[in-house]
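One-based numbering, in listed order, for ligands and for the atoms of each.
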Amino acid sequence: MPEHLVDPDVPRDLHAFIAGLPKAELHVHHVGSASPRIVSELAARHPDSKVPTDPEALVDYFQFTDFAHFIDVYLSVVDLIRTPEDVRLLTYEVARDMARQQVRYAELTITPFSSTRRGIDEGAFMDAIEDARKAAEAEFGTVLRWCFDIPGEAGLESAEETTRLATDDRVRPEGLVSFGLGGPEIGVGRPQFKPYFDQAIAAGLHSVPHAGETTGPQTVWDALTHLRAERIGHGTSSAQDPKLLAHLAEHRIPLEVCPTSNIATRAVRTLDEHPLKEFTRAGVLVTINSDDPPMFGTDLNNEYAVAARLLGLDERGLAELAKNGVDSSFLDAPGKARIRDEIDTYAAAWLSS
Ligand SMILES: Nc1ncnc2c1ncn2[C@@H]1O[C@H](CCC(=O)c2cccc(C(=O)O)c2)[C@@H](O)[C@H]1O
Ligand SMILES: [Zn+2]
């Protein structure tokens, strides 16, 4: 593990336990998962870009003054992905990084609109991700599924296009399981996306919008009411509304919590102010995720270490947290049972050694 990711407040032993713990990741962005090596490789291929080619310089480049700055930088990395081969390489390498962290199953959020509008052919794009998905499963044993998200700030044209790509049987990829909405929330109300989510849900997709990351709890209510959200991306500001917390707990709507992301984008001031503990205290089902790990200088294992510290968890608690991820996923029942068993077997062996 990189030394900067060893939380001194978490015992070394617990870090080691997390590193080997089988996990599911439910909230992680495709382009946002590009490792510094991949980003610098792509930046070198496309020297007209403002993205640094030196991995050291990337660390500074990935320091964000606020959420809008983060999205600017994010889009400069999106600009580096220009060919179906870039897409395939990125997807395959992301799966390799996941496998190293014992991620058995991941729902990867992809924004196909951003690629098709930049000129990548839609059929070639779908072939590239599917090809990488199959290779990753065969070679690394990591099962990937897709969430296609609308980049809300790009307007209803992006909603229209994303919905078409997600629902047209001639283009939608086999691995697609869910439909999302990302990007800035301020000035991008959730209700306007209802018709698109209705279509996606009618086509069999699960609804997983981002909400309450950079705006208040009303956005989470809107995602539940208008977009029929089955899980909430972040949902951070839900902590401000006890009725909402009770609703999420009662209806077992999981939150996809990404603690380090919230600090890096300055959605939350410090980790100690992060509401994760308030969520669990209110009985809300939480899952732990990494969002855009290299951009936020983190990885999924580190997010589990952060959660262990914020929630005061030991090995048993961490195993339960990993099972929350599995239970909240859109994997089929036998697949869920298999990973749950693996977690139990791993934890039992660890605790008896
Ligand atoms: N923490 C996050 N919270 C929210 N979203 C996050 C997070 N991390 C990553 N994203 C991704 O950022 C994209 C934003 C893309 C976007 O806004 C945009 C606007 C105008 C034009 C274009 C374009 O492509 O031309 C794109 C989202 O779709 C989402 O997948
Ligand atoms: Zn996200």
Worksheet item: Out of H234, H27, E153, R117, who gets a non-hydrogen atom closest to atom 21 (C) of ligand 1?
Response: R117
Worksheet item: Counting from 1, what ligand 1 atoms have a heavy atom of S114 closer than 4.0 Å?
Response: 23 (C), 24 (O)
Worksheet item: If you count the atoms of ligand 1 from 1 in the order shown, which ones are under 4.0 Å from a heavy atom of D149?
Response: 27 (C), 28 (O), 29 (C), 30 (O)
Item to complete: Specify the protein heavy atom at minimum distance from atom 10 (N) of ligand 1: its residue, its atom name, and the distance to 0.1 Å.
Response: H29 CE1, 3.4 Å
Discussion item. Would a single hydrophobic cluster contain both L285 and I343, if residues Ile, Leu, Val, Met, Phe, Trp and Tyr are joined by side-chain heavy-atom contacts under 4.5 Å?
Written reply: no
Fill in: More than 12 heavy atoms of other groups within 6.0 Å of L75 CG
yes
Worksheet entry | Closest protein heavy atom to atom 14 (C) of ligand 1, given as residue, atom name and distance to 0.1 Å | G183 CA, 3.8 Å
Worksheet item: Just checking, is any N or O donor in the side chain of Y92 or E139 under 3.5 Å from an acceptor N or O on the other one?
Response: yes
Worksheet item: If two hydrophobic side chains count as joined below 4.5 Å and joins carry through other members, does V59 share a cluster with V39?
Response: no
Discussion item. Below 4.0 Å from ligand 1: does a non-hydrogen atom of G180 turn up there or not?
Written reply: no
Worksheet item: Can you list the steps and then say if Y105 with L26 is a side chain to side chain contact (heavy atoms under 4.5 Å, CB included)?
Response: CA-CA 8 Å; Y105 171 84; L26 306 181; 4.3 Å; yes
Fill in: Verdict with reasoning, Q102 to R104, per side-chain hydrogen bond (donor to acceptor under 3.5 Å, both in side chains)
CA-CA 6 Å; Q102 308 305 324; R104 299 289 191 267; 2.9 Å; yes
Item to complete: Between V31 and ligand 1, find which residue part has any heavy-atom pair under 4.0 Å and reply side chain, backbone, both or neither.
Response: neither
Worksheet entry | Derivation of the salt bridge (charged side-chain N to carboxylate O under 4.0 Å, His left out) call for E130 and R133 | CA-CA 5 Å; E130 284 292 297; R133 176 174 75 80; 2.7 Å; yes
Practice prompt. Establish, from distance only, whether the side-chain atoms of Q240 and S237 form a donor-acceptor pair under 3.5 Å.
Written response: no
Worksheet entry | Proximal atoms of ligand 1 relative to D291 (non-hydrogen, under 4.0 Å) | 1 (N), 2 (C)
Worksheet item: What protein atoms of element N, O or S are positioned under 2.8 Å from the Zn ion (ligand 2)?
Response: H27 NE2, H29 NE2, H210 NE2, D291 OD1
Practice prompt. State, without any angle test, whether N289 and T287 hold a side-chain donor-acceptor pair at a distance under 3.5 Å.
Written response: yes
Practice prompt. Please work out whether any backbone atom (N, CA, C, O) or any side-chain heavy atom from C-beta onward of P184 is under 4.0 Å from ligand 1, and answer side chain, backbone, both or neither.
Written response: side chain
Practice prompt. Apply side chain to side chain contact (heavy atoms under 4.5 Å, CB included) to R231 and E107, showing your working.
Written response: CA-CA 12 Å; R231 296 192 312 246; E107 290 168 17; 2.8 Å; yes
Discussion item. Please determine whether any non-hydrogen atom of E185 lies less than 4.0 Å from an atom of ligand 1.
Written reply: no
Practice prompt. Quick one: look up the protein heavy atom nearest atom 20 (C) of ligand 1 and list residue, atom name and how far away it is.
Written response: A154 CB, 3.6 Å
Worksheet item: Are F148 and F113 close enough that their ring centers fall under 6.0 Å?
Response: no
Response to the item:
If you scan protein heavy atoms around atom 16 (C) of ligand 1, the nearest is P151 CB, 3.7 Å
Worksheet entry | Protein heavy-atom partner closest to atom 26 (C) of ligand 1 - residue, atom, separation in Å | L75 CD2, 3.5 Å
Discussion item. Students often mix this up, so state it plainly: with edges at 30° and 60°, are the rings of H27 and H29 parallel, tilted or perpendicular?
Written reply: perpendicular
Worksheet entry | Heavy atom of F67, distance to ligand 1 below 4.0 Å | yes
Worksheet item: Is Y74 touching ligand 1 with its side chain, its backbone, both, or neither, if touching means heavy atoms under 4.0 Å apart?
Response: side chain
Item to complete: List every atom of ligand 1 that sits less than 4.0 Å from any heavy atom of R118, numbering the atoms from 1 in the order shown and giving each element.
Response: 23 (C), 24 (O), 25 (O)
Discussion item. For the residue pair N324 / S328, report whether a side-chain donor-acceptor contact shorter than 3.5 Å exists.
Written reply: no
Worksheet item: What are the atoms of ligand 1, with element, lying closer than 4.0 Å to any heavy atom of T111?
Response: 28 (O), 30 (O)
Item to complete: Verify the ring-centre separation between W146 and H30: is it less than 6.0 angstrom?
Response: no
Worksheet item: Looking only at heavy atoms of V78, does any of them come nearer than 4.0 Å to an atom of ligand 1?
Response: no
Worksheet item: Closer than 4.0 angstrom: is that true for some heavy atom of D292 and an atom of ligand 1?
Response: yes
Item to complete: Verify the cluster assignment for L351 and L14: are they in a single hydrophobic cluster under the rule of side-chain heavy atoms below 4.5 Å apart?
Response: yes
Response to the item:
The protein heavy atom nearest to atom 3 (N) of ligand 1 is E213 OE1, 2.7 Å
Discussion item. Taking the ring centre of each residue, are F70 and F296 less than 6.0 Å apart?
Written reply: yes
